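Everything on this sheet refers to the single structure shown next.
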Amino acid sequence: NSLRHMLFLSGYVNNGFPNASARLEADITGVTEAMVLKDFRGTLDGNYHTIEYNINHPAENAGLIELLGGTVKNLYLKTGKQVAVLIDEFAGSVAGNTANSAAYISNVVSYVTIKSNVDGDGTHGGLVGRTGSELTITNSMFAGSIEGEKTSCCGGFVGWLDATSS
């Protein structure tokens, strides 16, 4: 099934093959923190399918991908029914950080709810939490929400853009 394929992809990427590429052939429901891509530098083509996820990620760089240095395209993202994303700094529905490598996000629509427990500067973005490199976002939309009673300093697409970024 598709969930098993996502688990395989995350295992493959997280165990030394960050340049792997994948194309979804069906929607995936039930993605958890065990399937987060830690350092992804390939291409994830959603093929206009949806990934529904519930990630409890109490460390920095929360998102479907922790460190993105590749391409995510043609993808719909949404939060599952029970738990949204619980995070530290730098959360984004696509990626927590762009890992100082060129990153591309194209044709991505996100309906993810980011729930923050940060007291102060959360630096969360609808699509990417922090970028320290070239980041290109085209034809994409964040229609989710960023929630946190004590959290501030968040952005619609990107939470933080380093001074050396473009």
Side-chain angles (χ1 to χ4, degrees), residues 1-7 9-10 13 20-57 61-87 89-99 101-116 122-131 133-148 151 153-161 165-166:
N1 73 27
S2 298
L3 192 56
R4 205 170 359 167
H5 291 141
M6 185 67 188
L7 185 58
L9 174 64
S10 66
V13 168
S21 291
R23 179 182 164 130
L24 298 184
E25 296 299 328
D27 293 347
I28 301 175
T29 301
V31 172
T32 66
E33 57 273 4
M35 298 169 210
V36 166
L37 303 174
K38 304 288 185 194
D39 183 2
F40 184 69
R41 299 178 183 277
T43 298
L44 176 59
D45 182 352
N47 195 25
Y48 301 99
H49 289 287
T50 299
I51 293 178
E52 180 181 294
Y53 65 85
N54 293 309
I55 298 173
N56 183 0
H57 192 290
N61 300 326
L64 181 64
I65 301 166
E66 286 183 2
L67 303 172
L68 174 64
T71 300
V72 177
K73 63 182 184 178
N74 309 326
L75 181 64
Y76 298 100
L77 295 171
K78 68 179 187 175
T79 307
K81 295 177 182 168
Q82 296 180 356
V83 181
V85 181
L86 304 173
I87 36 65
E89 287 185 305
F90 315 127
S93 62
V94 176
N97 199 322
T98 59
S101 295
Y104 305 92
I105 297 172
S106 178
N107 300 325
V108 172
V109 177
S110 173
Y111 296 99
V112 170
T113 299
I114 297 172
K115 288 190 178 180
S116 177
T123 316
H124 310 315
L127 298 179
V128 175
R130 176 184 180 194
T131 184
S133 61
E134 178 184 340
L135 172 62
T136 303
I137 299 172
T138 59
N139 205 28
S140 296
M141 177 178 80
F142 177 65
S145 63
I146 300 173
E147 302 171 2
T151 304
C153 301
C154 300
F157 281 138
V158 178
W160 179 263
L161 179 68
S165 305
S166 60

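These numbers were taken from a predicted model, which means no experiment stands behind them.
Considering all non-hydrogen atoms of both residues, G30 and M35 come closest at O-CE, 4.2 Å. Between G155 and I146 the shortest heavy-atom distance is O-CD1, 3.6 Å. Counting all heavy atoms, side chain and backbone alike, V31 lies closest to L3 at N-CD1, 3.9 Å. Contact between A95 and L68 at its shortest, heavy atoms only, is CB-CB, 3.7 Å. Minimum interatomic distance between T98 and A103 (heavy atoms only, all atoms of both residues): CG2-CB, 3.8 Å. When all heavy atoms of V128 and L135 are compared, the closest pair comes out as CG2-CD2, 4.1 Å.
With sequence neighbours excluded, the residues satisfying side chain to side chain contact (heavy atoms under 4.5 Å, CB included) with T71 are T43, K73, Y104. With sequence neighbours excluded, the residues forming a side chain to side chain contact (heavy atoms under 4.5 Å, CB included) with T50 are D27, Y76, K78, listed by chain and number. Residues satisfying the side chain to side chain donor-acceptor pair (under 3.5 Å) criterion with S93, sequence neighbours excluded, are S110. Partners of N74 by side chain to side chain donor-acceptor pair (under 3.5 Å), not counting sequence neighbours, listed by chain and number: D45, Y48, N107. The side chain to side chain contact (heavy atoms under 4.5 Å, CB included) test applied to T29 returns E52, not counting sequence neighbours. Scanning for side chain to side chain contact (heavy atoms under 4.5 Å, CB included) contacts around S2 gives A26, I28, with sequence neighbours left out.
Put simply, the side chain of L127 does not reach to within 4.5 Å of the side chain of V158, judged on heavy atoms. Looking at heavy atoms from C-beta onward, L24 lies in side-chain contact with I51 at the 4.5 angstrom threshold. At a threshold of 4.5 Å between non-hydrogen side-chain atoms, the residues L75 and H49 do not count as touching. Under the 4.5 Å side-chain criterion, counting only non-hydrogen atoms from C-beta, V72 is in contact with I65. The side-chain heavy atoms of L64 and M6, taken from C-beta on, include a pair separated by under 4.5 Å. Under the 4.5 Å side-chain criterion, counting only non-hydrogen atoms from C-beta, D39 is not in contact with V13. The shortest side-chain heavy-atom distance between T113 and E147 falls under the 4.5 Å cut-off.
Atom CD1 of I114 is separated from atom NE2 of H57 by 12.0 Å, given to the nearest 0.5 angstrom. In this structure, N97 CG and L67 CG are separated by 5.5 Å, a value rounded to the nearest 0.5 Å. Remark: Y111 OH to L77 CG distance equals 11.0 Å, nearest 0.5 Å. With rounding to the nearest 0.5 angstrom, the CZ atom of F90 is 13.0 Å from the CD atom of E66. From R23, atom CZ reaches atom CG of N47 across 3.5 Å, with rounding to the nearest 0.5 Å. The CD atom of E89 sits 10.0 Å away from the SG atom of C154 when rounded to the nearest 0.5 Å.
Judged by distance alone, the side chain of S10 and the main-chain N or O of L7 form a donor-acceptor pair under 3.5 Å. A distance-only check finds no donor-acceptor pair linking the side chain of S101 to the backbone of G69 [under 3.5 Å].
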- [ ] Decide side-chain contact (heavy atoms from CB on, under 4.5 Å) for V108 and V94; before the verdict, give the C-alpha distance in whole Å, the side-chain angles of both, and the deciding distance to 0.1 Å.
- [x] CA-CA 9 Å; V108 172; V94 176; 3.9 Å; yes
Open item on the list: Using the rule given for side-chain contact (heavy atoms from CB on, under 4.5 Å), can you reason through L37 versus L9, listing the C-alpha separation, both sets of side-chain angles and the distance that settles it, and then say yes or no?
Closed with: CA-CA 8 Å; L37 303 174; L9 174 64; 4.2 Å; yes
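The closest side-chain donor-acceptor pair between H124 and S116 falls under 3.5 angstrom.
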